[in-house]
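Data block below; observations after.
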Amino acid sequence: MLIRALQDEGVEYIFGYPGGAALHIYDAIFKQQKIEHILVRHEQAATHMADAYARATGKPGVVLVTSGPGATNAITGIATAYMDSSPMIVISGQVPSNLIGTDAFQETDMIGVSRPVVKHSFLVPSVSSIPGIVKKAFHIAASGRPGPVVIDIPKDTTDPGITAPYEYPSTVAMRSYNPSVKGNHRQVVRAVGHMLDAKRPVFYVGGGVMHGEASDRLRKLANTLGFPVTSTLMGLGAFPASHPHWLGMLGMHGTYEANHAMHHSDCVIAIGARFDDRVTNEPRKFCPGATIIHVDVDPASISKIVRADVPVVGEAEVVISQMLKELDKQLARSPDRLDRAAIDDWLARIDAWRRQYGLDEDARLEQPRDPILPQQAVRALARIAPENAYVTSDVGQHQMFVAQHFPFQAPRRWINSGGLGTMGFGLPAAMGVQFADLGASVVCVTGEGSFMMNLQELSTCLQYRLPLKIICLNNQALGMVKQWQDMQYGGRHSHSTYQDSLPDFVSLVDSFGHVGLRVFKHAELEPTLRQAFSDKNKDKLVFVDILVDPQEHVYPMAIKGGAMCDMYLSKSEDTLADS
Amino acid sequence: MRRIIAVLIENEAGALSRVTGLFAQRNYNIDSLTVSRTEDETLSRMTIETIADDAGVEQITKHLNKIVEVVKVDDLSEHRHLVREIMLVKVRAEGLARAEMKRMADIFRGQIVDVTTSTFTIQLVGADDKLSSFIEAIDPNLVLEVARSGVTGIARGTRTLRIK
Ligand SMILES: Cc1ncc(C[n+]2csc(CCOP(=O)(O)OP(=O)(O)O)c2C)c(N)n1
Ligand SMILES: [Mg+2]
């Protein structure tokens, strides 16, 4: 019944791991061909795969786990998807209904345990309710602000001996769930009015712009107005990095020009972003002179941290289209309303910031140097990796270096755990992306610390012959932790280094049946990366262990408690001197 | 500021825990919570009493609305409304105190709903501050047990909270 419903929903893959409470379901999977089940090595990895599959395609990813430990192992991945609004269906086996509440073997209250990190959850009460629940679950996961939905399914309700008439519903109607799609017209008119009056405008976009055609529409809107665009970590790729009006990422490790543009702006147009603390720095000092327009599908995100002057609740794609239409109308009425000269001055001012402290201005990046700087490795990767490659990442310095130095041109290509910051996400995420797009080039940029949190999946990669390219920026430390300890704890590296006990990654991946390469010297960097992406290794998983400078910090970095423009620029410079 | 929020919610297993979970997770306080069936058996109605400023209550109502089972939310404190609570108080009622208790119950328009040789159980209905005043008005040594229902509320006038 369950598998049939999933087939009717058009599910391609289930990422899962079997166990007692799920065995009826596994038997049903065995007897069919339509859905391919991917056997992982740890349930957490299954959730990251499904999550990344969803991020790459926009379609919910599906996870199947057993009760008890299977279910609890899935929690980190559910929370990761929840924080980044990724649509996912997690089906957890449960002990038979008559044993629920008795502390039966492998019983966990999955509904209770997962409650704070799901968009919604269902405990299946009967066989006949399965099709309706599956339909609703997919609808809820993918609509409005997307998110994970848990279906906890007691073993007796999957018993093939108990039958019920099957009919898969074609539509869902829920009186209690009707997310807004279209923005309120009056607010759209006001928003466009503010945009046309702006002298120092900036678009600040987030993960919400990944959905539908939103990124296309955004490009059109920004081009029509000639406004600059910055994005959050989650929004990278929504606006092409090659565009002259692209400012780079904003926030804690955002660019100098993006954070200055935000701080000095008179009109911030936030779309599908949520004013996260990693973006705003001290909210009371946030964008002091700006009118804030905030477009988001989730009304609870609006005015949560920063009061919006013009709130617009709706889907980014739809609202931007409404704005384009309204813009045409207002421009037709008064073609000279937009102060182009002021905008040009503003863009020139931003350019000056960029030339002063932009990421390209770091002279060290151009010089061959040993040990290699992690930024140099990322830049070399950007030159050598196939155009349009997907890049997944883990969490730490390496993640920020990719976000800063890898120019993403299209949406859904950059896949990382932004909200929860889950180490161990990168490898399984790359796997999920590869399943979503079998012919694509998929790169995982990881740190040696994060990689060790899910490396058992190298075995899954062999089973399904996934030709991932894993680029490990090996600084022999929990680099991001160490950086904070350098900056805030007098350089006391409490439990953030382990250089004497790291494995030999090359022979490690070799033992899993893959190809391992190592880079010590700058001179080897490009040739080795070329080798990794060469035709010879086209069908192979290649792991490149790049030893990078362990002393390097991620800059710029926001100065805690300050405004967005208050940043450390290097180990010896900060912006406080400017003011 | 004190807020009274009325919520219509699908009468389904687990729905209540999502509401209480929300308050715990987001660090909102609940002063009282009542929940009960309605004239429509598929719906439950809750009244939540909480302390929040304007921005706080805006977040609370938005997050309540986000819960998939929640059908409607109304911050009753935004308009004229009525609140009522029921309280049962068991008091010591012996000797002279017996007459005194009876008199106090009358003053507050309470009813004595259960009697033993040594105790009264007094029932009071009213706005919650009236119930509190009763407790304050009697000798604390005589109060044996207090059971309060928590407030339930409804808008004054023609305003209603219903679907369609
Ligand atoms: C599961 C988990 N545990 C702990 C952390 C805290 N944390 C953030 S970054 C980091 C260090 C990551 O080390 P590595 O993967 O080597 O990346 P690097 O910073 O060295 O590039 C840690 C421990 C986390 N984000 N996730
Ligand atoms: Mg590291």
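Because only heavy atoms are used, hydrogens play no part in the values below, and waters and symmetry mates are left out as well, while side chains stay in. The sequence lines fix the lettering, A, B, ..., with proteins before strands; numbering per chain opens at 1.
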Exercise. Ignoring hydrogens and geometry, is there a side-chain-to-backbone donor-acceptor pair from B:Q59 to A:A300 under 3.5 Å?
Worked result: yes
Taking side chain as everything from C-beta outward and backbone as N, CA, C, O, which of these in [X] sits under 4.5 Å from a heavy atom of chain A? Side chain, backbone, both or neither.
X     : value
B:V68 : both
B:Q25 : side chain
B:E58 : side chain

Exercise. Looking at B:N65, B:L43, B:T61, B:L8, which has the largest count of heavy-atom pairs under 4.5 Å with chain A?
Worked result: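 Answer, by heavy-atom pair count under 4.5 Å with chain A: B:L43.
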For this session: Begin from the C-alpha positions of A:I302 and B:K62 and carry the test side-chain contact (heavy atoms from CB on, under 4.5 Å) through to its verdict.
Result: CA-CA 10 Å; A:I302 296 180; B:K62 281 174 169 178; 4.2 Å; yes
State the [atom1]-[atom2] distance between [X] and [Y], to the nearest 0.5 angstrom.
X      : Y      : atom1 : atom2 : value
A:R115 : B:L22  : CZ    : CG    : 8.5 Å
B:E12  : A:F122 : CD    : CZ    : 8.0 Å
B:E69  : A:S176 : CD    : OG    : 7.0 Å

Tell me whether the count of non-hydrogen atoms from other residues, nucleotides or ligands lying under 6.0 Å of [atom1] in [X] goes above 12.
X      : atom1 : answer
B:L142 : CG    : yes
B:R37  : CZ    : no
B:L96  : CG    : no

Exercise. B:K66 and A:R145: side-chain contact (heavy atoms from CB on, under 4.5 Å), yes or no, with the steps?
Worked result: CA-CA 10 Å; B:K66 258 176 88 167; A:R145 179 175 180 176; 3.9 Å; yes
For this session: Identify the heavy atoms of B:R18 and A:S121 that sit nearest to each other, and give their distance.
Result: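 Of all heavy-atom pairs spanning B:R18 and A:S121, the closest is NH1-OG, 2.9 Å.
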Problem set entry | Proximal component of A:D298, with respect to chain B [non-hydrogen, under 4.5 Å] | side chain
